[in-house]
Structure formats: structure tokens, C-alpha cells
Number of protein chains: 2
Amino acid sequence: MNAVQLEEILKSNGYKMTNQRRAIIEVLCENIGKFLSAEDILNLSKIKCPQTNFSTVYRNLEILEQLELVHKTNMDANSTCFYEIIDLDNHHHHIICTQCGKTKAIDFCPLEMFKSNIEDEDFELLDHKVELYGICSECRKKPKK
Amino acid sequence: MNAVQLEEILKSNGYKMTNQRRAIIEVLCENIGKFLSAEDILNLSKIKCPQTNFSTVYRNLEILEQLELVHKTNMDANSTCFYEIIDLDNHHHHIICTQCGKTKAIDFCPLEMFKSNIEDEDFELLDHKVELYGICSECRKKPKK
DNA sequence: GTAACTGCAAAGTTTTTGCATTTGG
DNA sequence: CCAAATGCAAAAACTTTGCAGTTAC
């Protein structure tokens, strides 16, 4: 998924392109595989379009969520939410370092395992979220804080 | 994991038992397999111990998190966090109805699949979170809102 | 007795909203 | 032109904290 494709999707859903929106989309596309907070997105977007504002970031994230183009998540430690573009061409999950927060994309997805293991007809399975937590090599080398 | 076991763990870590704490622990243990918000926990705890307070709930959840006895999570739709006792004897994940929020425990865990698929020595795998999203049978019957 | 715990009220964070103004198509 | 988008400031929602008083052990 690249920014141009995303723009097309938004336009075809009746949304207009503004510099702020384009900046936000570009930031998201340039950071696939990482988790960004709303504040991260704001700061990075401001580099491209300085007048970008928190409300605008949140409003655009909401639109993208509704179109199922971004995933929203939190990590256990705090209550900030993190966002990432859903890249259908390159579906992945993450491993997250519990010490420094660094993330890394993991290609393996256990969804098929779930499908075959859930004989449960009560739910129609639509989506899933998988996060792995660990300690990255750099943090392992460091003395424990 | 039952409330008595949990009390023992807390006591052996130097924590004292108060009626508020006991109420919170019991509520958590009685709701394994569900996700409770801090507010849910407060309201249910108040039935057992009416003077229970929000600060006390959050402070106890923090202690339980530090001892790795509860998991904290959020669902995509809103930014409220949800808590559940980690029941090592009965490890499970959840499927969550995106319409009504109802949850159901799922026994299958793909962790072993991950271990064998991650040849990645950069991370030491410590923990994981898996959530499935879908629409429950009741919501499927209802006319779309 | 004393360290741990709690209640309260206040502050901190993150997210959402109303409204007046601006802008893209 | 006008619906959509934005900026601002204020509010809402959720969580954390300081402090004085209380309680478990």
C-alpha cells in the first residue's frame, strides 16, 4: 500500500485531498511495520505540512479506521494508542520490545490455524490482532535498569 | 487461578489484604474469559465492598500488572483499557463481537507456531496477545444499525 | 508501631467536539 | 458554490498522583 493508492481510495469515497491529509497518509505509508502514536503522526506530518493539527490527525485516523485502512492498538504499558496502515498486500504482525518499544514486522500469521481450530459457529470471524512481546538484542545487552 | 491463590501471591509479595483489594481480586477471578474496564471492575467491586474507589482499582490493577497477574488490553473501537486475570492454568485468547462487545474465550493458542516460525534471534519472546474480532450470532440476526 | 493502603480532590494524558473559517473539486 | 476539511479552544474521557488519614499485620 502506498500513499497514492490510499489517496485514490479516499477520493473514491468522497473525501477531498488536503495538504494535511496527504502529509498524514504519507507518514503512515512511510512507517509500515512500525507503531506510531497520534503525537508521532502529528510531529512527522508537521515536517511535510507545518499547519497540521492534532484534531486533524485524529479526524483523519478516524476516517481511515472506518474505511478499515488503519489498525489501532495499544501496548500494555501505557494507555496511548498506536496506529498503522493495514497493508493487505503485505499482511504481518509485530514483535515489540518491552524495554525500548522497538517493533519489528513478523510475516507469519496464524489466522488459518484459528479458522481450522475454531469450530465455533457463534462468531463470524472478521479480523484479528496478534502482538508478540519480547526483549530485543540491544536491550538484552544493556544492564538491567 | 482463583481469588485465594491470588491472595497468597500478593501476601507473599508483601502486600496486605484489604476488603477493597479482596473485592477487586474476586471480581477479576469471577470474570475470567471476559474483558472488564476499570469502571466495570469498580462497579462490581462496590457490590462486595461499597467504599471501593477508582484510585484503589487503578492502584491494584497496577500492582497486579507488575506481578504479571493481569493483562491489559484495548479494543480498536475506543480508547478504554480492559483487564483480565492471566490464568496460567487455563491459557486462552478471545473472540470479540465488534457490534456488541461480547467476548468468548478461545482455547487454541498459536504461540508454538510463532516460535517455530520466528527464526529471528534478535528478540527473546516473552509474551503475546491474540485477539479475534467478529460478529456474534445474535448481532448477525439483528437488522443492521 | 509502622509500612502499606485508601479516599479525595486535583492534575495529567489522550482523545473528541462545537463552531467559525477556509478550501478543494 | 458548497460540502468537506480545518484550527482553535474547550470539554470529555480515562488514568495517575499527592497528601492526609486509616488499617493490616
Would one find a side-chain N or O of B/Asn60 under 4.0 angstrom from OP1 or OP2 of C/dT6? yes

pair B/Leu36-B/Phe82: side-chain heavy atoms closer than 4.5 Å: no

On the nucleotide D/dT6, are OP1 or OP2 found under 4.0 Å from the side-chain N or O atoms that A/Thr18 carries? yes

Atom CD1 of B/Ile63 and atom P of D/dT16: how far apart are they, to the nearest Å? 13 Å

Which atom pairs link the protein and nucleotides 9-13 of chain D when you take only N or O atoms and keep those under 3.5 Å?
from: D/dA9; atom 1: N6; to: A/Ser55; atom 2: OG; distance (Å): 3.4

Side-chain ion pair, B/Lys115 and B/Glu112, N-O less than 4.0 Å: yes

Find the distance A/Asn13:CG to C/dG24:P and express it as a whole number of Å. 20 Å

Side-chain atoms of B/Tyr58 come closest, of C/dG18, D/dT16, D/dC25, to D/dT16

Among D/dT16, C/dA4, D/dA5, the one nearest B/Lys16 by side-chain distance: C/dA4

Side-chain atoms of A/Lys11 come closest, of C/dG25, D/dG7, D/dT16, to C/dG25

For the side chain of B/Tyr83, starting at C-beta, report the closest nucleotide among C/dG25, D/dT15, D/dA4. D/dT15

Without decimals, in angstroms, what is the distance between A/Leu36 CG and C/dT14 C1'? 16 Å

By the 4.0 Å heavy-atom rule, please label B/Gln51 as base, sugar-phosphate, or nothing. sugar-phosphate

Min side-chain heavy-atom separation A/His71-A/Tyr83 under 4.5 Å: no

Nearest to side-chain heavy atoms of B/Met17, which nucleotide of D/dC25, C/dT6, D/dT6: D/dC25

Mind checking if B/Phe54 touches a base, just sugar-phosphate, or nothing, with heavy atoms under 4.0 Å? nothing

Euclidean distance, atom CG of residue B/Asn19 to atom P of C/dC5 [Å, nearest integer]: 14 Å

Tell me the interatomic distance from B/Arg22, atom CZ, to D/dT23, atom P, rounded to whole angstroms. 15 Å

Counting C-beta onward and ignoring hydrogens, is there a side-chain heavy-atom pair between A/Glu84 and A/Lys34 closer than 4.5 Å? no

Find the distance A/Gln20:CD to D/dC8:C1' and express it as a whole number of Å. 14 Å

Show which side-chain atoms of residues 10-17 of chain A pair as donor or acceptor with protein atoms under 3.5 Å away, not counting sequence neighbours.
from: A/Ser12; atom 1: OG; to: A/Glu8; atom 2: O; distance (Å): 3.2
from: A/Ser12; atom 1: OG; to: A/Ile9; atom 2: O; distance (Å): 2.9
from: A/Asn13; atom 1: ND2; to: A/Ile9; atom 2: O; distance (Å): 2.8

Is the A/His128-A/His91 ring centre distance short of 6.0 angstrom? yes

Spacing of B/Leu67 atom CG relative to C/dA4 atom C1', expressed in whole Å: 14 Å

B/His93 and B/Pro110, any side-chain heavy atoms less than 4.5 Å apart: yes

Are the charged groups of A/Glu138 and A/Lys102 less than 4.0 angstrom apart, N to O? yes

Round to the nearest Å and state the distance from B/Arg59 atom CZ to C/dC8 atom P. 12 Å

When you measure only distances, ignoring hydrogens and angles, does the side chain of A/Arg21 come within 3.5 Å of the base of C/dG24 through a donor and an acceptor? no

